[in-house]
Amino acid sequence: MNDMRIVRKDVDMNDTKISAKGVQVFYGDTHAIKDVDVEIKDKTVTAFIGPSGCGKSTFLRCLNRMNDTIDVCRVEGKILLDGEDIYDKRVDPVQLRAKVGMVFQRPNPFPKSIYDNIAYGPRIHGLAKNKADLDDIVEKALRRGAIWDEVKDRLDAPGTGLSGGQQQRLCIARAVATEPEVLLMDEPCSALDPIATLQVEELIDELRENFSVVIVTHSMQQAARVSQKTAFFHLGNLVEYGDTEQIFTNPQDERTESYITGRIG
Amino acid sequence: MPLLWLFILILALGLIGFILGRARALKNANGDIRLLHSLPTYYGSNVLLAILIPGLAVMVIWLILQPMVIQGQVSSMIPDTAYSDKGALNLVMSDVRRVAEGLDIAVEQGTLSHDQARDIRTELTDIRARLGAVGVALGSNVESYVLKAAQKYRTMNAVGNWMMTVAVLAAALAGFAISYMRTNKDMRARNSVEKVILGLLIAAASIAILTTLGIVLSLIFNTIEFFKLYPALDFFFGTTWSPSFGGGSELGILPLFWGTFYVSIIALLVAVPIGLFAAIYLSEYAGPKVRAIAKPLLEVLAGIPTIVYGLFALLTVGPMLMTVFGEDGGLGWMQGGRSVMTAGLVMGVMLIPFVSSLSDDIINAVPQAMRDGSLGLGATKSETVRQVVLPAALPGIVGAILLAASRAIGETMIVVLGAGAAAKLNLNPFEAMTTVTTRIVSQLTGDADFASAEALVAFALGMTLFVITLCLNIFALVIVRKYREQYD
Ligand SMILES: Nc1ncnc2c1ncn2[C@@H]1O[C@H](COP(=O)(O)OP(=O)(O)OP(=O)(O)O)[C@@H](O)[C@H]1O
Ligand SMILES: [Mg+2]
């Protein structure tokens with residue numbers, strides 16, 4: 001990949017936000033994640049890359065316990081958020097998910113109006129003092145999701161009536177509206193045109209000031225552009241994890257090298 | 001040849017046609033399936049259908065027409081003096097058929113020979129005794145014209161059957177020959193088989209539709225008859241229901257309608273919350289094990305015949321309500337075990353599985369991604385159910401409720417046993433009342449003359465019910481359809 005520009009970014013030595021130790025995930029008998037250790041830094045963008053089916057989404061879903069909703073799924077190992085085990089019995093997954101937001105691989109707007117889609121999270125968490133406040137939150141979230149201009153005249157229209165890419169941005173805006181501490185984004189730009197992609201990447205960069213962001217992507221350029229840390233998954237293993245710059249310029253593992261240069265995948 | 005044998009013969013012919021047709025197509029392509037336009041079985045099926053369809057069609061048409069023709073011919077043999085009107089002629093004709101049948105049986109059992117059966121005379125033989133001996137009891141002595149007609153009937157039938165066999169076989173063989181000759185590797189066998197399948201499906205659909213149409217028409221004609229005898233205005237707006245077969249009855253639908261409405265409302269008030277909550281529990285909260293046991297158990301309720309529910313209302317629920325709301329309970333609201341409340345409660349129980357299994361399907365149809373989206377934003381399970389799943393499923397659930405409502409309106413047995421027979425316009429749910437359906441039953445089961453307003457009113461009642469439930473169903477379907485479009 002010669003034409004790939006790697007934008008240099010400062011990687012501060014932040015505190016660890018999420019720390020995973022020896023994570024194993026099983027779907028029934030399928031062993032989807034094998035013994036993964038990873039430290040996700042605060043105020044950092046971490047990219048998960050890897051070939052399709054290698055377990056990126058699965059691992060991402062472990063980080064806010066969305067795998068709880070899958071009956072056959074079993075998670076082993078420890079995942080600490082701010083030093084607290086999120087799989088501990090005392091932890092309420094509902095509160096956890098308010099802190100660790102998620103944008104799903106497939107856009108899933110609610111069959112409600114665009115406004116209600118965004119207002120959903122703020123409403124259940126009581127983030128708005130009054131209607132005007134809520135209006136502000138909705139507008140701000142839609143602007144951050146780079147979709148405000150397209151929908152500002154039809155906030156009452158159903159969210160399901162938007163195009164695929166618009167739905168994707170709506171879902172990003174919806175996740176941002178709840179102000180999570182960590183935002184997990186599963187291929188948030190897969191259906192977006194270059195301009196919208198750029199806007200979402202700007203949003204990710206902006207979010208990094210306050211939150212940590214984990215993004216799954218199939219675009220090497222995107223990983224290189226937005227992330228400071230990159231993790232390469234292959235067949236359920238975390239093959240390599242390190243500074244983005246180092247992964248893309250000087251990978252230690254030959255599988256990583258083959259993948260980012262386009263030989264496996 | 002007996003009908004069954006003919007039928008089997010046609011089937012066998014079809015089978016042979018199938019094998020030969022398939023073989024011919026294969027041979028025409030020199031055994032290479034790829035050269036054929038369609039798969040070999042299609043060629044076989046094509047010949048099979050070309051045999052069965054004409055054969056069976058001729059058979060069915062013949063079976064319908066033959067009795068009509070014979071009836072016409074034979075009835076002309078009955079002297080005019082023997083009957084006064086058409087009804088009497090029909091009676092004579094049924095005698096004729098019975099005698100003919102008796103002769104057949106007698107021949108079969110050997111008490112009469114073929115020739116005897118053809119030639120016996122009432123003047124010489126006691127037919128009644130002879131037939132009685134083979135188990136065919138006749139009401140009176142056989143008139144000579146009846147016997148002659150019966151003998152004519154027998155011969156015509158025999159000839160007719162024989163001709164039918166020939167015609168059916170000819171049609172089948174013609175179909176066989178034509179389709180077999182036309183079978184070659186380029187024939188579009190698949191397309192013609194598809195067309196036949198399409199035809200079958202259309203036929204099935206039209207039978208369903210035509211039946212509905214027939215029901216509606218029969219209702220309409222009788223309803224019109226009724227309105228000729230009784231003013232429509234009095235029927236729709238009359239507040240008294242007191243049919244008296246002597247005449248001078250008042251047939252206002254309002255009290256019945258009120259009963260139906262009241263019982264249905266109570267039933268829905270019971271069934272909708274319980275059914276809906278059960279559905280939510282089963283689809284959203286229950287683990288796979290609980291679901292596997294609870295769901296079939298709930299659906300067993302749906303399999304209980306309504307008459308059993310009626311008994312339950314009469315024997316258990318009614319007396320139970322009496323002990324609380326009746327004189328003994330001190331409240332004195334209830335005079336007897338039968339009341340709107342009794343029927344409504346039991347009907348509600350009957351509708352629970354109906355509401356719950358429909359709602360369960362609808363809730364399950366809400367995509368998991370929708371729930372994930374909500375849970376991923378930090379919503380609790382009940383918030384997710386209330387704010388995302390139910391709104392998404394709401395149109396479907398409303399449809400389910402409307403369907404349940406139309407069942408409640410049409411329900412009869414529970415009301416007969418549970419609600420009583422008094423037509424009243426009363427607000428007290430512990431009073432006995434009656435509904436449209438039960439009155440239909442009682443108006444038609446009496447000894448009333450079928451042409452009287454008192455009997456015909458049943459059709460007007462039925463028509464009214466039909467229109468109401470039809471509207472409810474259409475409304476429900478429209479809503480359900482609108483809901484379906486949402487995720488596709
Ligand atoms: N709900 C599930 N039930 C059973 N197996 C699953 C389920 N979800 C994922 N898997 C399996 O887990 C493995 C990892 O899947 P995952 O969705 O995490 O891949 P991914 O890396 O996100 O792929 P992609 O880039 O295509 O999204 C796959 O082999 C998949 O078949
Ligand atoms: Mg994925």
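First the proteins, then the strands, lettered A, B, ... as listed; each starts at 1. What you are looking at is a predicted structure, and each value in this text was computed from that prediction instead of being measured.
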Trainee: Please enumerate all residues that pass side-chain contact (heavy atoms from CB on, under 4.5 Å) together with B:L358, with sequence neighbours excluded.
Mentor: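 Only B:F354, B:A400, B:L403 meet the side-chain contact (heavy atoms from CB on, under 4.5 Å) criterion with B:L358.
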Trainee: How close do A:F104 and B:D372 get, counting heavy atoms only, and between which atoms?
Mentor: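 Looking at all heavy atoms of both residues, the closest pair is CZ-O, 3.3 Å.
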Trainee: Hey, could you give me the CD/CG distance between B:Q387 and A:D116, rounded to the nearest 0.5 Å?
Mentor: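 B:Q387 CD to A:D116 CG: 9.5 Å, rounded to 0.5 Å.
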Trainee: Out of curiosity, B:Q368 CD to A:T69 OG1, how far, rounded to the nearest 0.5 Å?
Mentor: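 So the CD of B:Q368 and the OG1 of A:T69 are separated by 5.0 Å.
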Trainee: Can you tell me if OH on B:Y285 sees more than 12 non-hydrogen neighbours from other groups inside 6.0 Å?
Mentor: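 Counting neighbours around OH of B:Y285, more than 12 heavy atoms of other residues, nucleotides or ligands fall under 6.0 Å, so yes.
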Trainee: Tell me if the CD atom of A:E84 is crowded by more than 12 foreign heavy atoms within 6.0 Å.
Mentor: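 Open.
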Trainee: If you draw a 6.0 Å radius around OH in A:Y27, do more than 12 non-hydrogen atoms from other residues or ligands fall strictly inside?
Mentor: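 Yes, the 6.0 Å shell around OH holds more than 12 heavy atoms from other groups.
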Trainee: Out of A:D68, A:N108, A:L184, return the one with the most heavy atom pairs under 4.5 angstrom to chain B.
Mentor: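 When all of A:D68, A:N108, A:L184 are compared, A:N108 has the most.
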Trainee: Taking everything shown except A:Y87 itself, do over 12 heavy atoms lie less than 6.0 Å from its OH?
Mentor: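 Above 12, so yes.
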Trainee: Would you give the length of the straight line joining atom CZ of A:R123 to atom CD of B:E383, rounded to the nearest 0.5 angstrom?
Mentor: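 So the CZ of A:R123 and the CD of B:E383 are separated by 12.5 Å.
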Trainee: Going by atom type alone, with no hydrogens or angles, which donor-acceptor pairs under 3.5 Å involve a side-chain atom of residues 288-302 of chain B and a protein atom two or more places apart or on another chain?
Mentor:
{"residue": "B:R291", "atom": "NH1", "partner": "B:L282", "partner atom": "O", "Å": "3.0"}
{"residue": "B:K295", "atom": "NZ", "partner": "B:D360", "partner atom": "OD2", "Å": "2.7"}

Trainee: If you draw a 6.0 Å radius around CZ in B:F257, do more than 12 non-hydrogen atoms from other residues or ligands fall strictly inside?
Mentor: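 Check fails, neighbour count at 12 or below.
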Trainee: What's the separation between atom OG1 in A:T160 and atom CE in B:M370, rounded to the nearest 0.5 Å?
Mentor: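 Output value for this atom pair is 7.5 Å.
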Trainee: Using non-hydrogen atoms and a 4.5 Å limit, figure out which bit of A:R174 sits close to chain B: side chain, backbone, both or neither.
Mentor: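 Both backbone and side chain.
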Trainee: Heavy-atom distance under 4.5 Å to chain B: side chain of A:Y120, backbone, both or neither?
Mentor: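 Side chain of A:Y120 only, per the 4.5 Å heavy-atom cut-off to chain B.
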Trainee: Drop me the distance from B:L377's CG to A:N117's CG, to the nearest 0.5 angstrom.
Mentor: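 The CG atom of A:N117 is 9.5 Å from CG of B:L377, to the nearest 0.5 Å.
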Trainee: Measuring heavy-atom distances to chain B, does A:V103 have an atom under 4.5 Å in its side chain, in its backbone, in both, or in neither?
Mentor: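 Contact with chain B is absent: no heavy atom of A:V103 under 4.5 Å.
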Trainee: Could you tell me which portion of A:P93 (side chain, backbone, both or neither) has an atom closer than 4.5 angstrom to a non-hydrogen atom of chain B?
Mentor: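 Contact with chain B is absent: no heavy atom of A:P93 under 4.5 Å.
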Trainee: For chain B, which of A:R106, A:Q95, A:K112 has the most heavy-atom pairs under 4.5 Å?
Mentor: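 Highest number of pairs under 4.5 Å: A:K112.
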Trainee: For B:I33, does the CD1 atom sit with more than 12 other heavy atoms under 6.0 Å from it, leaving out its own atoms?
Mentor: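 Count not over threshold, so no.
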